[in-house]
Structure formats: structure tokens, C-alpha cells
Amino acid sequence: QAQLSESGGGMVQAGGSLRISCVVSDDTYNRFAMGWSRQAPGQEREFVAGITWDSDTTSYADSVKGRFIISRDNAENTMYLQMNSLTPEDTAVYYCGADRLPFRRIVMTTVSDYHSWGQGTQVTVST
């Protein structure tokens, strides 16, 4: 199976933007929806955003809707999360994962629907 690797995290001031990436080691998950989750200290991991295999459909958690944009480039086996208007509430480790079933036309919004989560990338938003 393929491995997923997140990168691009860092520290940013509130109101700023950051773009994180998820690179897959091969084209395996080009057949699957993919998504981002995040986990802050003392909190449960939560779904952030998801995108179908062909980018036809996206879904966002209410907390990030209108601020974050998920996209993917299957030719590069890469998924992105553009994060805008960041707030301290967005501080967390961000993980990427793949849907458990191929070619779904809808985006799953439960963390357990995804697998092969990577090591995560830390995003810290300062006040």
C-alpha cells in the first residue's frame, strides 16, 4: 500500500494563510477520495475537508468552510489544503488520509472512514 506524507506546516500569525501538502508515494489513491483531519492537544481528531477521487465534490467542516480550500493533483499524487484567515482555533496537527472505498461519488465526513493517515504536519497560529 501507498504511504502518505504531509508537509508545509509551520507558525503563522492570526489572519494569515498557509498551504499544506500531502504527497502519496504512488498513484494508488488516485482511485480514492482523500481528506484532511486535525487534532489539537486534549481534543479528539476531527474531520476538516475531503475531496473525491476526480475532484468533482468537496466537503468541509463548518469550522473551516469559506476559509479552507482542498484540492488535488492526481498527476503528481498530491493533495493540498489552502488555509486562509487562520485563527488560533486552527492550531493542530494536520493529517491526510484516503477513503476506504474506491470511486465514491460522495465525501465521507467521519475520520474513521479514512485510513493510511500520515505522520502529520504541525500548524500553529499565534495571536
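Note that these values count all heavy atoms, side chains included, but never hydrogens, waters or copies made by symmetry.
Cluster membership check: Val24 shares its hydrophobic cluster with Tyr94, using side-chain heavy-atom separations under 4.5 Å among Ile, Leu, Val, Met, Phe, Trp and Tyr. Residues Phe47 and Val93 share a single hydrophobic cluster, defined by chaining ILVMFWY side chains whose heavy atoms lie under 4.5 Å apart. Clustering ILVMFWY residues whenever any of their side-chain heavy atoms sit less than 4.5 angstrom apart, transitively, puts Val111 in the very cluster that holds Met108.
The pair Arg105-Asp54 fails the salt-bridge criterion, with no side-chain N (NZ, NE, NH1 or NH2) lying under 4.0 Å from an Asp/Glu carboxylate O.
Here Leu81 contributes atom CG and Arg72 contributes atom CZ; the two are 13.5 Å apart, rounded to the nearest 0.5 Å. The line from SG of Cys22 to CD of Glu6 is 5.5 Å long, rounded to the nearest 0.5 Å. With rounding to the nearest 0.5 angstrom, the CG atom of Asn84 is 6.0 Å from the CD1 atom of Ile69. Note: Glu46 CD to Ser37 OG = 9.0 Å, rounded to the nearest 0.5 Å. For the atom pair Arg67 CZ and Ser85 OG, the distance stands at 7.0 Å (nearest 0.5 Å). Here SG of Cys96 is found 12.0 Å from OH of Tyr80. Values are rounded to the nearest 0.5 Å.
A pairwise comparison of heavy atoms in Ala2 and Asp26 identifies CB-OD1, 3.2 Å as the closest pair. Pairing each heavy atom of Ala92 with each of Arg38, the nearest pair is CB-CB, 3.8 Å. Considering every non-hydrogen atom in both Thr91 and Gln122, the closest pair reads CG2-NE2, 4.0 Å. Counting all heavy atoms, side chain and backbone alike, Asn74 lies closest to Asn30 at O-ND2, 3.0 Å. In terms of heavy atoms, Arg100 sits closest to Ser112 at NE-O, 3.0 Å. Across all their heavy atoms, Pro102 and Phe32 have their closest contact at N-CE2, 3.4 Å.
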Exercise for the section: List the steps, then state whether side-chain contact (heavy atoms from CB on, under 4.5 Å) holds for Val64 with Trp36. Expected result: CA-CA 12 Å; Val64 307; Trp36 291 95; over 6 Å; no

Exercise for the section: Determine, step by step, whether Gln82 and Ile70 satisfy the side-chain contact (heavy atoms from CB on, under 4.5 Å) criterion, reporting the C-alpha distance in whole Å, the side-chain angles of both residues, the deciding distance to 0.1 Å, and the verdict. Expected result: CA-CA 6 Å; Gln82 177 68 45; Ile70 188 171; over 6 Å; no

Practice task
Run the numbers on Val48 and Tyr60 for side-chain contact (heavy atoms from CB on, under 4.5 Å), then give the verdict.
Solution key: CA-CA 6 Å; Val48 176; Tyr60 299 90; over 6 Å; no

Exercise for the section: Quick one: do Ile20 and Met83 satisfy side-chain contact (heavy atoms from CB on, under 4.5 Å)? Show the steps, please. Expected result: CA-CA 8 Å; Ile20 57 176; Met83 301 178 287; 3.7 Å; yes

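Counting only distance, with no hydrogens or angles, the side chain of Thr52 and the backbone of Ile106 share no donor-acceptor pair below 3.5 Å. No donor-acceptor distance shorter than 3.5 angstrom exists from the side chain of Thr124 to the backbone of Met11, with no hydrogens or angles considered. Judged by distance alone, with hydrogens and angles left aside, the side-chain atoms of His115 form no donor-acceptor pair with the main-chain N or O of Gly97 at under 3.5 Å.
Ring pair Trp53/Phe103: centre-to-centre distance below 6.0 Å.
Residues Leu18 and Val123 have side chains in contact (heavy-atom distance under 4.5 Å, counting atoms from C-beta outward). Counting only heavy atoms from C-beta outward, the side chains of Ser21 and Met79 never approach each other to under 4.5 Å.
Relative to the ring axis of Tyr95, Arg45 places its NZ or CZ within 45° and under 6.0 Å from the centre.
Ring geometry for Tyr114 versus Trp117: interplanar angle of 30 to 60°, hence tilted.
Environment of CD in Glu89: sparse, with no more than 12 heavy atoms of neighbouring residues, nucleotides or ligands closer than 6.0 Å.
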